[in-house]
Structures are given as structure tokens and as C-alpha cells.
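Mind having a look at this structure? Questions to follow.
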Amino acid sequence: LTAAQGHADAKAILVSRGYDDPAIAEGLAKCDAAQSAYNARQSADADEAQAGDTLSAADKAARDGFDNFRAIARAVLKDDSAALQALGATGRVPTDREGFITFATAAYDTALSRANPKVSVLGKRGYNQAALDAEKAKLSALTNANAAHDAASAAATRATAQRDAAIQDLRKWWGELRAVAQVAFKDRPDLASELGL
């Protein structure tokens, strides 16, 4: 389009078919819009990938921390099945993220409440107030990372839809121009070839 604007013969032929400067400017604007939408989609994809990496790291940190907590609780309270159950140290840990966060939070809250005197021995084995608060902070970080990833995924989906719409709009405009140009430049194949039409 830019080349056509700068070529007197091509411009004259296009103007005779209704593609004057404002019409060509419309096409160029559609090109710019498609490129911007493409760039935005690439950026949104990168943001989603980064959010995914952050989420994976937060999930691993929280689950590893909880696995360590359960291992210590089982070692320290091996003879107290009620305490082990209250601390989430028995059975399976939920695999889904929300279930895991709820399960681990309840276990840490139980340890922090010290309702069972035997649970206080966990403090001597590295799970004092500060350590348990740090483990709960990992769960909060996981919750935040999950929300950020969901938002990034939604943004990437929107950006993809906007890119597709912009490209479709450009293709429609360009398709009509090419069809007109094939007729208009029938006697000037050299110009058509030179302009990529």
C-alpha cells in the first residue's frame, strides 16, 4: 500500500477504482490495527506464561512446605492419631489447588491454636508461630499466584479474540482490494507484480 501511494501510475489506476488517499489510509490503518493486536496478543501470551511459571513455583513451595510439616508431625505425634488427623498428617492431600489450600490452612491453624497440648511439641521441631505463619504465607502466595494466572489467561483469551478480529477485518479489506487490483492492473502486470498485488 505504501509503495502504491508512492507510484504515480499505480496510484492513478487505484484512484480510478475508488482507492484514493483516504481509502488507502483506511487500509494502512487496518494494517496497523492488526499489527498492534498481534503485538498485544504476543505480550499477553508472554504474561500468561510468566504467570504460569510463578504459579508453578508457588504451588511447589506450598506443597513441599506442607509435605515437610506432615512428615515432622507424623514423626513427633506418631502415637496420637487424633492429633495427626487434626493436623492433616493422615490420609491423602487434595490434589486440586483450592482443596489443598483449604486443607493445609486448616492444618496450620490447628497447629497454631495449640488446642491439643501435644501439638506444642511441634514448636520444638521447627514449627513455632513464625514458621507456621511463614507456611501460611506460602498458601497466600499460592492463592495470589492462582488469581494472577487466571487473570492473565483471561487477558490472553481476549487478546487472541481481538487479534483474530483485526486480522479478519484486514483480510476482508485486502481481499477486496486484490480482487479489484487484479482487474485494474490486467494491462499492467509489471505494476501488479512490483506492488505485490
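In this text, all values refer to a predicted model and were calculated from it rather than measured experimentally. Numbers for residues simply follow the sequence, beginning at 1.
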Y108 side chain to E135 backbone, donor-acceptor under 3.5 Å: no

Sidechain-backbone polar pair: S113 side chain, T110 backbone, donor-acceptor under 3.5 Å: yes

Salt bridge flag under 4.0 Å for residues K136 and D109: yes

4.5 Å side-chain heavy-atom contact, T90 and S81: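 Not in contact.
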
Any residue meeting side-chain contact (heavy atoms from CB on, under 4.5 Å) with A159, in chain and number order, not counting sequence neighbours: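 With sequence neighbours excluded, A159 shows a side-chain contact (heavy atoms from CB on, under 4.5 Å) to R41, A44, given in chain and number order.
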
Intermediate values then yes/no, side chain to side chain contact (heavy atoms under 4.5 Å, CB included), L87 and F69: CA-CA 9 Å; L87 292 170; F69 171 78; 4.0 Å; yes

Side-chain heavy-atom pair T2, I24 within 4.5 angstrom cut-off: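 Side-chain contact under 4.5 Å: no.
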
Results of side-chain contact (heavy atoms from CB on, under 4.5 Å) for P189 - residues two or more places apart only: none

Side-chain heavy-atom pair N128, L122 within 4.5 angstrom cut-off: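 Not touching, per the 4.5 Å side-chain cut-off.
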
Separation of Q42 CD from D47 CG (nearest 0.5 Å): 11.5 Å

Residue Q50 excluded, over 12 heavy atoms near CD under 6.0 Å: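 Counting other residues, nucleotides and ligands, CD of Q50 stays at 12 neighbours or fewer.
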
Any L142 side-chain heavy atom under 4.5 Å of F100 side chain: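 With C-beta onward as the side chain, the pair touches.
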
Distance-only polar pair, side chains of E48 and S153, donor-acceptor under 3.5 Å: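 Their side chains do contain a donor-acceptor pair, which is all the 3.5 Å distance test asks for.
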
From CG (L84) to CZ (R70), nearest 0.5 Å: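 One finds 9.5 Å between CG of L84 and CZ of R70.
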
Crowding at CZ, R74 (>12 non-hydrogen neighbours, <6.0 Å): yes

Any side-chain heavy-atom pair of R188 and F185 under 4.5 Å: yes

Residue pair K138 / G65: nearest heavy atoms and the distance that separates them: NZ-CA, 4.2 Å

hydrophobic_cluster_shared for L177 and V15, side chain cutoff 4.5 Å: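 They do not share one cluster, since no chain of ILVMFWY contacts under 4.5 Å joins V15 to L177.
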
Flag if over 12 foreign heavy atoms under 6.0 Å of CZ, F103: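 Yes, enclosed.
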
Min side-chain heavy-atom separation T54-H149 under 4.5 Å: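 Not touching, per the 4.5 Å side-chain cut-off.
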
Atom CG of D187 with >12 non-hydrogen neighbours under 6.0 angstrom: no

Closest heavy-atom pair and its distance - A152, A51: CB-CB, 3.9 Å

Close side-chain approach of L1 and L195, heavy atoms under 4.5 Å: no

Shortest non-hydrogen separation from G88 to F66 and the atoms involved: O-CZ, 4.0 Å

Over all atoms of both residues, closest heavy-atom pair of L132 and Y127: CD1-O, 3.6 Å

Value rounded to 0.5 Å, distance of OG in S36 from CG in D32: 6.5 Å

Pairwise side-chain contact, E176 with K172, heavy-atom cut-off 4.5 Å (strictly under):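 A side-chain contact under 4.5 Å is absent here.
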
Any donor-acceptor pair under 3.5 Å from S193 side chain to D190 backbone: no

Closest non-hydrogen atom pair between R125 and V76, with its separation: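 Reported closest heavy-atom pair: CG-CG2, 3.5 Å.
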
Distance in Å, K60 NZ paired with D67 CG, rounded so as to fall on 0.5 Å steps: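 Rounded to the nearest 0.5 Å, the NZ-CG separation comes out at 9.5 Å.
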
Electrostatic pair D20-K11, nearest N-O below 4.0 angstrom: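 Result for this pair is no, no salt bridge flagged.
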
Side-chain (R17) to main-chain (V180) donor-acceptor, under 3.5 angstrom: no

Exercise: do D164 and Q168 side chains pair donor with acceptor under 3.5 Å: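 On atom types as modelled, these side chains do not qualify, holding no pair under 3.5 Å.
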
Closest approach of G27 to L170 (non-hydrogen atoms, all atoms of both residues): O-CD1, 4.3 Å

More than 12 heavy atoms of other groups within 6.0 Å of Q85 CD: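 No, the 6.0 Å shell around CD holds no more than 12 heavy atoms from other groups.
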
